[in-house]
Protein chains: 4
Amino acid sequence: MTDQSVTKTKRQRRPDDRPAEILAAALSVFAKKGFSQARMEDIAKRAGLSKGALYLYFPDKVTLLKALVTQATGGQISMASAMAQAETAVSPLIMHFATTLAARAQDTELPFILKLVIAESQAHPEIGKFYLENVVLQAIPMMEKLIARGIATGEFRAVNPAHAVKSLMGPFLLSALWRSVFEPLGAEQLDVRALITQHVDIFLKGLRP
Amino acid sequence: MTDQSVTKTKRQRRPDDRPAEILAAALSVFAKKGFSQARMEDIAKRAGLSKGALYLYFPDKVTLLKALVTQATGGQISMASAMAQAETAVSPLIMHFATTLAARAQDTELPFILKLVIAESQAHPEIGKFYLENVVLQAIPMMEKLIARGIATGEFRAVNPAHAVKSLMGPFLLSALWRSVFEPLGAEQLDVRALITQHVDIFLKGLRP
Amino acid sequence: MTDQSVTKTKRQRRPDDRPAEILAAALSVFAKKGFSQARMEDIAKRAGLSKGALYLYFPDKVTLLKALVTQATGGQISMASAMAQAETAVSPLIMHFATTLAARAQDTELPFILKLVIAESQAHPEIGKFYLENVVLQAIPMMEKLIARGIATGEFRAVNPAHAVKSLMGPFLLSALWRSVFEPLGAEQLDVRALITQHVDIFLKGLRP
Amino acid sequence: MTDQSVTKTKRQRRPDDRPAEILAAALSVFAKKGFSQARMEDIAKRAGLSKGALYLYFPDKVTLLKALVTQATGGQISMASAMAQAETAVSPLIMHFATTLAARAQDTELPFILKLVIAESQAHPEIGKFYLENVVLQAIPMMEKLIARGIATGEFRAVNPAHAVKSLMGPFLLSALWRSVFEPLGAEQLDVRALITQHVDIFLKGLRP
DNA sequence: CATGAATGAGGTTTCATTCAT
DNA sequence: AATGAATGAAACCTCATTCAT
């Protein structure tokens, strides 16, 4: 108790990439506790910082969440736009896109981000809107055009492309939430890649003329 | 002290179905604010009760949420078991099941319950577990058997039934979250019935031998 | 330590005049500590309440201060307007007004309110403005008219009435701040009544034609 | 490691008068925000220093305030003592003294210092006491003697000198607070010189035998 | 059964102060 | 001497829950 040799304050100075470290800590705490239940002090501790230091990088809790969503989501958008270019057959494109996304759903924390967005979109609509506009409303029209092109070229039979996109994407959502919601509760792990591979196969066969 | 016969009128507000009224109030407040942001007083007010009276019916906030999920979810289970019986062709069964569920996703508050479960399952695992065990793990094996039977009878080609179920169910999840998460943010409304009808069509064609 | 007979929570219910009790408590704490240094919990304790109960009556700390100023200040205004009526000689009116105000400066907490207003008017301009508009800018023009009338009737010699008012009022301010600022520091007590009586005497003689 | 002769230029910013620069910065920030609301960082920034450097000159915030009051107040005292000497008629002395002080109230930041002292004397009694002892209790007895001498020489009629001093000084206080409290709130500017000139005129006439 | 005033634990945020560089 | 990142105490305010009436 009176041991004074212990450095009671380990004042660290690592301007390395504090924001990124904090975001990583925030993600893991948010994922474990949910946004409301997460305490800023826990995030700080996990980032190896004091409570106050957090506020040097992010002005408040909500901004932290926004930054997290923004960061984790950045990649998606670019992927989407890259996809729209090609002029080859549609089916392989869809399969490639699906495989890439499946890998992300399987290996990254994206599913937890998605769960956060779902959970907090009521209390913090800016976050929900951000996701809606930057992810959902980027990806969906892109896929829609792809499907429409498939129909136009005779690769697919005539269906409503807007609805078809949701047929295609639904299982991704299911996989993501399975991972982030049900697996932590003890549900068996999902083999997302296998699931999606078969799903795309069914989907593409189902669209055959 | 005062004339008690007068007071009587006040109490006549059908004290019968108080719990149900409270649950209805809770659902609408939870749906609007999310669980954490919902205040017990708001629920009480909407149920036409005082804060204190709430506690005569539900011991605490979490129990209220549990009861809500239990109640809203009860129907699903029975539907599921009823389905398992029939011995007819599988495709019409699936279409019927899908149509029924689409109607619920479109017309009831079920999507909001689902969103609540997703949002709160970390902070209150009992709720997540309850849903997992009573809804998800009831419905999925049932559908799985159905698909397996279709394969056995030659109605479907050979696929992994466990994965196929998720191909089938994913768009329901997507529809539910679209309604509960994105529509409140201004996204265009989804015609769930049309979407699901086409989805099942694609899905069943995709499973043809 | 394990004595359970002690009522640990003395939940009181005295809807008597809680707001007034709270304001009294607030005044005494603000007067002792100043606004910023005053802790809501101290005010609560002094009012015989818990921290939270305070917020049932006043939504926040600033509102509490505003209410205090408003209440303590209410009387002044009516006094001012009553004064403007009479048509008699001006000197006795001034003497009467001065005597009344001296009594207040001597016997009430008004000086402490004034000190609070002065101290907080930067941080909370609404409070300063309220005081300026409802007290200062009510009293001063009224006195100005009185003096102007005295000049018109030949009771006083020709002076600038706007400045003369400040000659008259200055010592009140000095008395108030002496009581609220210097007496608590150990300065000798001021006999405000005697001071003001002599002051008005000098002032009126100084205005003789 | 790097060329140090280059660095030298940076340091040449007259390190001589840092304390004075800091005090000037502190005054302007305190005047704008009040003591509690003033942030050390703002003072540092305005003084062209870093937060940390402030602490090389002043050990803490309160000391800074004390130093400010001490500095701004220094002049007063010497003026007071100089005044006590002369042996001429009292009235011209008073008029001269009043004019000098009016100029200060009009043109310097003294009114803001006074307001600070008033606002903080509860929370930091040393500051109030310092002002009381070094300013108030220096000036008042001096003026008192002056008035007593006027009475003794027959220049003034017999009044209570202690009270008369407050008749004389009150309007200064009023002017100072008008400038520091009410003008920032939008009140019309006060012509302190004219006000005081007339005030002294009234006061002296009011004291005529 | 019902009320709503009262409680108090708990979490976010601020900012004076410290100290490694 | 100087910097500014880091610390952590402190205080406001919220709201689930209790209980006297």
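Both backbone and side-chain heavy atoms feed into the values below; hydrogens, waters and symmetry mates do not. Chain naming here is simple, since letters A, B, ... match the order of the sequence lines and numbering starts at 1 in each. Everything numeric in this text was worked out from a predicted model, so none of it was measured.
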Gap between atoms [atom1] and [atom2], on [X] and [N] respectively (whole Å):
| X | N | atom1 | atom2 | answer |
| --- | --- | --- | --- | --- |
| C/Y55 | F/dC13 | OH | P | 4 Å |
| C/L64 | F/dC13 | CG | P | 10 Å |
| B/I43 | E/dG4 | CD1 | C1' | 17 Å |
| C/L65 | F/dC12 | CG | C1' | 15 Å |
| C/L54 | E/dT7 | CG | C1' | 13 Å |
| B/F58 | E/dC1 | CZ | P | 14 Å |
| A/L56 | F/dG8 | CG | P | 13 Å |
| C/E21 | E/dA5 | CD | P | 15 Å |

Check whether any side-chain nitrogen or oxygen of B/R18 sits under 4.0 Å from OP1 or OP2 of E/dC1, and answer yes or no.
->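 False: B/R18 side-chain N/O out of range (4.0 Å or more) of E/dC1 OP1/OP2.
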Can you find a side chain N or O atom of A/Y57 that sits less than 4.0 Å from OP1 or OP2 on F/dA5?
->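 Checking A/Y57 against F/dA5: no side-chain N or O falls below 4.0 Å of OP1 or OP2.
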For A/L49 and for D/G52, locate the closest nucleotide of DNA chain F by heavy-atom distance; then report the residue assigned to the nucleotide nearer the 5' terminus.
->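 Of the two residues, D/G52 wins.
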Find which nucleotide of DNA chain F each of A/S50 and C/P59 is nearest to by heavy atoms, and output the residue with the more 5' nucleotide.
->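 Checking each residue's closest nucleotide, the 5'-ward one belongs to A/S50.
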Reference residue C/Y131; test side chain to side chain contact (heavy atoms under 4.5 Å, CB included); the match among C/L116, C/I118, C/T73 =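 Result for side chain to side chain contact (heavy atoms under 4.5 Å, CB included) with C/Y131: C/T73.
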Any donor and acceptor pair, going by atom type alone, linking the side chain of D/K32 with main-chain N or O of D/L27 inside 3.5 Å?
->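 Side chain of D/K32 to backbone of D/L27, a donor-acceptor pair under 3.5 Å: no, none is there.
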Is a side-chain donor or acceptor of A/T63 paired with a backbone partner of A/P59 at a separation under 3.5 angstrom?
->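 Absent.
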Going from CG on A/L23 to CG on A/L64, what distance comes out if it is rounded to the nearest 0.5 angstrom?
->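 That separation rounds to 6.0 Å.
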Between D/E126 and D/K129, does at least one N-O distance fall below 4.0 Å, as a salt bridge requires?
->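 Salt bridge absent between D/E126 and D/K129.
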Toss me the dot-bracket line for DNA chain F: Watson-Crick and G-U wobble, both under 3.5 Å, 5' to 3', using | for pairs to another strand and [ ] for crossers.
-> .||||||||||||||||||||
Please report the closest heavy-atom contact between D/S121 and C/L185, naming both atoms and the distance.
->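 Closest pair (atom of D/S121, atom of C/L185, distance): O-CD2, 4.1 Å.
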List the atom of D/V62, the atom of D/H124, and the distance in Å for their closest heavy-atom pair.
->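 Answer, listing the atom of D/V62 first, then D/H124: CG2-CE1, 3.4 Å.
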Name every donor-acceptor pair, under 3.5 Å, that has one atom in a side chain of residues 45-55 of chain A and the other anywhere in the protein, sequence neighbours excluded.
unit_1	atom_1	unit_2	atom_2	d
A/R46	NE	A/S28	OG	3.1
A/R46	NH1	A/S28	OG	3.0
A/S50	OG	A/A53	N	3.4

Show the numbers, then the answer: is there a side-chain contact (heavy atoms from CB on, under 4.5 Å) between A/D42 and A/R39?
-> CA-CA 5 Å; A/D42 292 342; A/R39 281 159 62 250; 3.0 Å; yes
Could you say whether D/K61 or A/K61 is positioned toward the 5' end of DNA chain E, judged by the nucleotide with the nearest heavy atom to each?
->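 Final value for this comparison: A/K61.
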Which residues within residues 33-41 of chain C lie with some heavy atom under 4.0 Å of an atom in DNA chain F?
->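 Here the set is C/A38, C/R39, C/M40.
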Is the base of E/dG10 touched by the side chain of C/K51 through a donor-acceptor pair closer than 3.5 angstrom?
->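 Looking at the base of E/dG10, it does pair with a donor or acceptor on the side chain of C/K51 (distance under 3.5 Å).
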